Structure formats: C-alpha cells, structure tokens
Amino acid sequence: MKFAVIVFPGSNCDMDLYYAIKDGIKEQVELVSYKETSLDGYDGILIPGGFSYGDYLRSGAIASHAPIIEEVKRFADLGKPILGICNGFQILTEIGLLPGTLINNRQNRFICEDVELIVKNEATTFTNKYKKNESITLPVAHGEGRYYCDNKTLQELKENNQIIFEYTSDINGSVGRIAGITNKKKNVLGMMPHPERAIELILGSKDGLKLFQSMIENMKIEVQS
C-alpha cells in the first residue's frame with residue numbers, strides 16, 4: 001500500500017505523518033506537493049496539520065484552491081480513504097468533502113494539550129482496531145478547532161453514525177463535543193486531535209497507532225476482494 005502526504009506551504013505535521021506510516025505501520029509513503037495534479041498510484045491520502053498559507057484567511061480556505069484539490073475530490077469520489085488532521089480537517093470542510101466548519105476556540109486562544117476522546121463508531125475504515133466507546137488519549141494543538149454545524153446537520157451526523165470521535169470534556173466549545181467526523185460514505189475522516197503524534201510510548205501514547213493500522217488492514221482487504 002502506498003500513501004501520499006499532501007504538503008502545502010505552511011504544513012508542519014507532514015513529517016510526523018510520514019514517519020507514522022513509514023515506521024508506525026511500515027508502509028510506503030511519499031510527500032506530494034500541493035502543486036501536483038495527479039494522485040494516481042496512491043492507495044490512501046493524508047492531509048496534515050499546520051498553517052497552510054499562514055492561515056491568513058480562514059484556516060484551510062486558501063489551500064482549498066490549490067491545484068491538487070480537484071484530484072483529492074476525485075480520489076474521494078472513488079471511495080478511497082482520505083484522512084485530514086487539524087488543518088487537514090479544516091481543508092476537508094472548506095472543499096466540501098465534510099459538512100460543517102471549524103471556528104475559533106470558545107476561549108479564543110490556542111490550546112496545546114493531551115485530551116481524552118471516546119471512539120463513537122468503531123465500524124469504519126479508520127477505527128475498526130478500536131472498541132466502541134473506547135477511551136483514548138491524543139494531543140490537540142489548535143486555535144481554530146471548534147467544530148460547528150447547524151442543528152439539521154448535527155442530526156444527520158448522528159443518524160448516519162458519522163461522528164467518530166467525541167471529547168470527554170468541553171475543551172473548545174465544539175458542537176456535541178465533536179472531535180472527528182466522516183462523510184456519509186465513511187471514506188473521508190477529519191479530526192482535530194493528532195493520532196500521528198501518538199504512535200509509540202516514547203511520545204507518551206500509542207493510542208493513535210490503531211487508527212493507521214485500521215486504515216492499512218481495510219485497504220489490503222479491499223485490494224484482495
């Protein structure tokens with residue numbers, strides 16, 4: 001299996017993701033520039049955290065117009081897995097692959113700490129190595145990580161089991177304490193916490209590793225079937 005880590009000007013978690021794939025699950029991975037226009041040859045797409053284009057407009061808004069984005073959308077339409085973390089989550093909402101948006105934290109300041117999450121849906125490409133309602137700890141680092149959607153969208157997310165991770169406490173004012181959601185097809189996941197920073201004990205936690213292990217297991221099953 002081969003992963004692409006999309007790199008925008010300002011991405012700063014690209015190498016964390018690169019090594020999570022290379023060393024964590026020992027699969028092929030390459031950094032791919034935002035200027036590219038093809039994702040042929042890749043089995044999974046990873047959009048890292050950081051501050052694309054300096055976040056000088058809404059976070060992720062300028063990145064949503066990069067040359068690679070039309071190919072990311074095509075990749076999603078094909079049903080292939082796409083994971084966006086932090087700024088990657090913001091970009092996925094900006095390009096319409098995920099509903100809702102990310103706005104300033106309620107406390108209106110950057111937060112950087114380890115947080116406890118609950119796995120709300122373990123039956124996805126990204127989470128089947130976890131147990132339902134399993135408690136995990138991952139780091140967050142964001143100033144614009146407050147998930148927002150209207151009541152109708154929130155109801156749809158609940159009815160379609162698209163809420164994948166919830167914070168156990170109200171860390172930033174997110175609607176429903178939402179930390180991560182998928183699209184309806186469940187092949188696109190956006191999340192604010194950073195699983196790539198929790199793949200070995202020397203980092204303080206291995207709770208993020210099972211997310212990448214889930215992805216690779218499902219990708220291999222789909223190739224064989």
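In this text, all values refer to a predicted model and were calculated from it rather than measured experimentally.
Between Glu122 and Lys132 the shortest side-chain heavy-atom distance falls below 4.5 Å. In this structure the side chain of Glu113 reaches within 4.5 angstrom of the side chain of Val140, judged on heavy atoms. A heavy-atom distance below 4.5 Å is not found between the side chains of Thr168 and Val115. Glu71 has its side chain within reach of Ser38: a pair of non-hydrogen atoms, C-beta onward, lies under 4.5 Å apart. Contact check for Leu17 versus Phe212: side-chain heavy atoms found under the 4.5 Å cut-off. Taking the side chain as every heavy atom from C-beta outward, Met192 and Tyr167 approach each other to under 4.5 Å. When side chains are defined from C-beta on, Asn12 does not count as touching Asn87, because their heavy atoms never get closer than 4.5 Å.
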Could you walk me through whether Thr101 and Arg58 pass the side chain to side chain contact (heavy atoms under 4.5 Å, CB included) check? CA-CA 10 Å; Thr101 190; Arg58 297 185 313 276; 5.6 Å; no
Is there a side chain to side chain contact (heavy atoms under 4.5 Å, CB included) between Met215 and Leu83? Walk through the geometry before answering. CA-CA 9 Å; Met215 287 185 72; Leu83 169 64; 4.2 Å; yes
Check the pair Met219, Phe3 against side chain to side chain contact (heavy atoms under 4.5 Å, CB included), reporting the backbone distance first and the verdict last. CA-CA 11 Å; Met219 290 160 67; Phe3 290 82; 3.7 Å; yes
Please step through side chain to side chain contact (heavy atoms under 4.5 Å, CB included) for the pair Asp170 and Arg106, ending with a clear verdict. CA-CA 10 Å; Asp170 186 9; Arg106 181 185 53 196; 2.6 Å; yes
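Among Arg177, His142, Glu144, Arg146, the single residue meeting the side-chain hydrogen bond (donor to acceptor under 3.5 Å, both in side chains) criterion with Asn172 is His142. Of the listed residues (Ile136, Leu138, Ile178), just one forms a side chain to side chain contact (heavy atoms under 4.5 Å, CB included) with Phe165, and that residue is Ile136.
Side-chain contact annotation: Asn160 with Gln162, donor-acceptor N/O pair under 3.5 Å present. No side-chain N or O of Glu94 forms a donor-acceptor pair with one of Gln90 less than 3.5 Å apart. Judged by distance alone, the side chains of Thr137 and Asp114 never bring a donor and an acceptor atom under 3.5 Å apart.
Formation of a donor-acceptor pair under 3.5 Å by the Asn105 side chain with backbone atoms of Asn108 is not found in this model. Not a single donor-acceptor pair under 3.5 Å links the side chain of Glu196 to the backbone N or O of Asp16. Of the possible polar contacts, none joining the Tyr53 side chain to the Phe8 backbone as a donor-acceptor pair under 3.5 Å is found. Thr125 places no side-chain N or O within 3.5 Å of a backbone atom of Asn187 that could act as its donor or acceptor partner. Here the side chain of Lys186 pairs no donor or acceptor atom with the backbone of Phe126 at under 3.5 angstrom. Judged by distance alone, the side chain of Thr124 and the main-chain N or O of Thr127 form a donor-acceptor pair under 3.5 Å. No side-chain donor-acceptor contact under 3.5 Å links Asn121 to the backbone of Ile163. Within the 3.5 Å criterion, the main-chain N or O of Ile171 finds a donor-acceptor partner in the side chain of Gln107. For Asp14 (side chain) and Tyr18 (main-chain N/O), no donor-acceptor pair under 3.5 Å exists by modelled atom type.
Once rounded to the nearest 0.5 Å, the distance linking CD1 of Ile62 with CG of Leu57 reads 5.5 Å. We find the CG-CD1 distance between Asp43 and Ile216 to be 7.5 Å, quoted to the nearest 0.5 Å. His65 contributes atom NE2, which lies 10.5 Å from atom CD of Glu70 (distance to the nearest 0.5 angstrom). Summarising the geometry, atom OG belonging to Ser11 is positioned 6.5 Å from atom CD1 belonging to Ile91; distances are rounded to the nearest 0.5 Å. Atoms NZ and CG, from Lys129 and Leu209 in turn, are 10.0 Å apart once rounded to the nearest 0.5 Å. Rounding to the nearest 0.5 angstrom, the gap separating the CD atom in Glu30 from the CD atom in Glu36 is 10.0 Å.
Counting non-hydrogen atoms of neighbouring residues, nucleotides and ligands closer than 6.0 angstrom, the NZ atom of Lys131 reaches no more than 12 such neighbours. Within 6.0 Å of atom NZ in Lys206, 12 or fewer heavy atoms from other residues, nucleotides or ligands are found, so the atom counts as exposed in its surroundings.
Of all the heavy atoms in Ile68 and Ile6, the pair that sits closest is CG2-CG2, 3.8 Å. Leu97 and Asn183 get closest at one heavy-atom pair: O-CB, 3.6 Å. Nearest heavy atom pair, residue Ile199 against residue Pro195, reads CG2-O, 3.5 Å. For Ala179 against Leu117, the heavy-atom pair with the smallest separation is CB-CD2, 3.9 Å. Nearest heavy atoms, Asn133 versus Lys120: OD1-NZ, 3.9 Å. Contact between His194 and Ile85 at its shortest, heavy atoms only, is ND1-CG2, 3.6 Å.
Aromatic ring pairs are classed by plane angle as parallel below 30°, tilted from 30° to 60° and perpendicular above 60°; the pair Phe89 and Tyr147 is parallel.
Leu157 and Ile118 are not part of a single hydrophobic cluster, where members link through side-chain heavy atoms under 4.5 Å apart. Both Ile21 and Met15 sit in one connected hydrophobic cluster of ILVMFWY residues. Membership requires side-chain heavy atoms under 4.5 Å apart, directly or through other members. Both Tyr148 and Leu102 are part of a single hydrophobic cluster, where members link through side-chain heavy atoms under 4.5 Å apart. Residues Ile95 and Tyr56 do not share a hydrophobic cluster, defined by chaining ILVMFWY side chains whose heavy atoms lie under 4.5 Å apart.
Hydrophobic cluster of Phe51: the remaining members, joined at side-chain heavy-atom separations below 4.5 Å, are Phe110, listed by chain and number.
For the pair Asp40 and Arg74, the salt-bridge criterion is met [side-chain N within less than 4.0 Å of a carboxylate O].
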